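Every value quoted in this text rests on a predicted model; they were computed, and no experiment measured them.
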Amino acid sequence: TRLVGSEMCIRDRTFESFDASYPVERLRLSDPARDKELLRAAPIGMGQRCLATYAIETPKNNFFDEIVRSSASCGYVFVGLLTGCTPESASALRKATGYEMFCSTFDDPAERKCLFSDLAVGRAKRLAEQGKNVVLGIGDIVEVVRSYHEFLTPDENMSYTQPIKASMEVLRSIFATARNLEGGGTLTLITGYKISDAPFDKIIEVSCNRMASDKIRLCPDATRGFYVDEKKSGNVSAHIFLSDDEYRVYQACHSEVDL
């Protein structure tokens with residue numbers, strides 16, 4: 001038993017003690033047009049791992065803003081993690097969203113960035129333990145892993161592969177938090193990844209692609225901010241949680257793409 005603010009929180013079971021199961025419903029957006037666009041391109045199952053890749057010119061925050069706006073009306077709790085943002089944007093996000101945002105700025109030391117990452121993941125786990133549907137949104141997974149890499153490399157003479165291996169362990173543990181808890185809630189992970197040719201970034205991209213079941217490619221749009229590229233998006237397990245009608249919509253879209 002512990003106190004959280006003014007509320008008493010009793011943890012009968014820890015996050016890891018719950019059995020994980022396949023998702024039974026999809027994440028919905030409050031905007032019908034955006035919801036249909038996501039359904040056609042890459043529906044996200046509650047409790048899945050989603051990797052949203054985007055080009056540098058794409059305003060990825062518009063995608064996360066859409067999820068934040070939908071959280072109250074669609075019945076899930078949003079927990080955000082931004083690493084390496086500007087001090088003014090961090091303050092603005094905390095005030096504007098009204099949701100739990102864990103933000104570390106670009107001038108923060110690596111240790112502080114890692115601390116905020118641990119706090120965000122831990123908070124999302126505690127909410128899922130209480131039976132809530134949680135969406136953990138990570139602005140840029142590369143920045144998070146790079147922070148751990150810097151923190152785990154205190155000595156310049158240390159072998160380059162040693163901190164990379166430890167950083168990949170952190171990456172796997174973050175992705176592994178996403179699950180549908182039997183008898184509990186769900187924790188859905190949606191993380192952004194900026195397309196880059198840097199060697200370190202490529203290592204992270206390969207690892208993320210292996211672990212993510214849902215992949216979304218965001219492209220810039222002059223009027224709407226972004227659109228989802230149906231050709232480069234998809235969910236390998238969409239048939240598990242979509243209804244028959246929804247799956248026909250998804251399948252029809254990707255059949256057209258295959259042609």
Side-chain angles (χ1 to χ4, degrees), residues 27 29 34 38 42 44 48-71 76-125 127 134-151 167 170-175 177-178 187-196 198 200-201 204-205 207-209 211-212 214-220 225-228 233:
L27 183 143
L29 301 178
R34 285 295 194 191
L38 191 63
I44 304 172
Q48 284 194 317
R49 293 156 284 278
C50 174
L51 177 66
T53 58
Y54 56 95
I56 294 174
E57 65 274 13
T58 308
K60 70 175 187 304
N61 285 343
N62 288 8
F63 176 64
F64 284 101
D65 289 344
E66 196 69 53
I67 295 171
V68 170
R69 283 195 296 269
S70 304
S71 58
Y76 53 86
V77 181
F78 183 83
V79 177
L81 170 63
L82 289 179
T83 303
C85 59
T86 61
E88 57 271 20
S89 62
S91 300
L93 279 168
R94 291 192 192 98
K95 294 175 182 177
T97 61
Y99 293 91
E100 296 188 69
M101 297 293 298
F102 295 83
C103 306
S104 59
T105 59
F106 62 80
D107 58 330
D108 282 332
E111 182 179 5
R112 182 174 173 82
K113 293 176 182 176
C114 294
L115 173 62
F116 273 92
S117 175
D118 291 341
L119 288 172
V121 173
R123 178 57 177 159
K125 284 183 174 182
L127 290 169
V134 186
V135 174
L136 174 60
I138 301 178
D140 193 338
I141 193 65
V142 177
E143 289 293 337
V144 175
V145 179
R146 188 179 286 119
S147 300
Y148 281 98
H149 183 265
E150 293 174 4
F151 178 63
S167 300
V170 172
L171 179 64
R172 281 191 288 271
S173 68
I174 291 175
F175 268 78
T177 58
L187 200 165
T188 307
L189 173 67
I190 303 178
T191 179
Y193 172 82
K194 183 168 58 181
I195 299 169
S196 169
F200 184 76
D201 295 1
I204 299 172
E205 182 183 12
S207 299
C208 288
N209 275 304
M211 293 181 286
D214 191 30
K215 297 166 189 175
I216 296 175
R217 178 66 180 271
L218 303 175
C219 300
F226 74 93
Y227 73 92
V228 181
S233 304

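- The CD1 atom of I138 sits 12.5 Å away from atom CD of E143, with the distance rounded to the nearest 0.5 Å.
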**Asked** Should V77 and V135 be marked as a side chain to side chain contact (heavy atoms under 4.5 Å, CB included) after you check the CA-CA gap, both sets of side-chain angles, and the distance that decides it?
**Response** CA-CA 6 Å; V77 181; V135 174; over 6 Å; no
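- Closest approach of R123 and F102 over heavy atoms only: CB-CZ, 4.0 Å.
- Closest approach of S104 and K113 over heavy atoms only: OG-CG, 3.5 Å.
- Residues M211 and R49 come closest through the heavy atom pair O-NE, 3.5 Å.
- The side-chain heavy atoms of L27 and I190, taken from C-beta on, include a pair separated by under 4.5 Å.
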**Message:** With side chain to side chain contact (heavy atoms under 4.5 Å, CB included) as the criterion, how do V121 and L136 come out once you've worked through the C-alpha distance, each side chain's angles and the decisive distance to 0.1 Å?
**Reply:** CA-CA 8 Å; V121 173; L136 174 60; 4.1 Å; yes
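- Distance CG/L218 to OG/S233: 7.5 Å, rounded to 0.5 Å.
- Of the possible donor and acceptor atoms, none in the side chain of D118 sits under 3.5 Å from a partner among the backbone N and O of L115.
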**Message:** For R34 and F63: C-alpha separation, side-chain torsions, deciding distance, then whether side chain to side chain contact (heavy atoms under 4.5 Å, CB included) applies.
**Reply:** CA-CA 10 Å; R34 285 295 194 191; F63 176 64; over 6 Å; no
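- Note: Y193 OH to I141 CD1 = 11.5 Å, rounded to the nearest 0.5 Å.
- Two residues are said to be in side-chain contact when any heavy atoms from C-beta on lie closer than 4.5 Å; L127 and E100 meet this criterion.
- Rounding to the nearest 0.5 angstrom, the gap separating the CD1 atom in I44 from the NZ atom in K215 is 14.0 Å.
- S70 OG to F78 CZ: the interatomic distance, rounded to the nearest 0.5 Å, is 10.5 Å.
- Counting only heavy atoms from C-beta outward, the side chains of D140 and T83 never approach each other to under 4.5 Å.
- Here the closest non-hydrogen pair linking G139 and Y54 is O-OH, 4.0 Å.
- Residues V145 and I174 have side chains not in contact (no heavy-atom distance under 4.5 Å, counting atoms from C-beta outward).
- Rounding to the nearest 0.5 angstrom, the gap separating the OH atom in Y76 from the OG atom in S71 is 6.0 Å.
- Nearest heavy-atom pair, L82 versus C85, reported as atom, atom and distance to 0.1 Å: CB-SG, 4.2 Å.
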**Request:** Verify side chain to side chain contact (heavy atoms under 4.5 Å, CB included) between Y148 and L171, making sure each step is shown before the conclusion.
**Result:** CA-CA 9 Å; Y148 281 98; L171 179 64; over 6 Å; no
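- Within the 4.5 Å cutoff, the side chain of T188 has no heavy atoms near those of the C50 side chain.
- Annotation for L51 and C208: closest pair CD2-CB, 3.7 Å, computed over non-hydrogen atoms.
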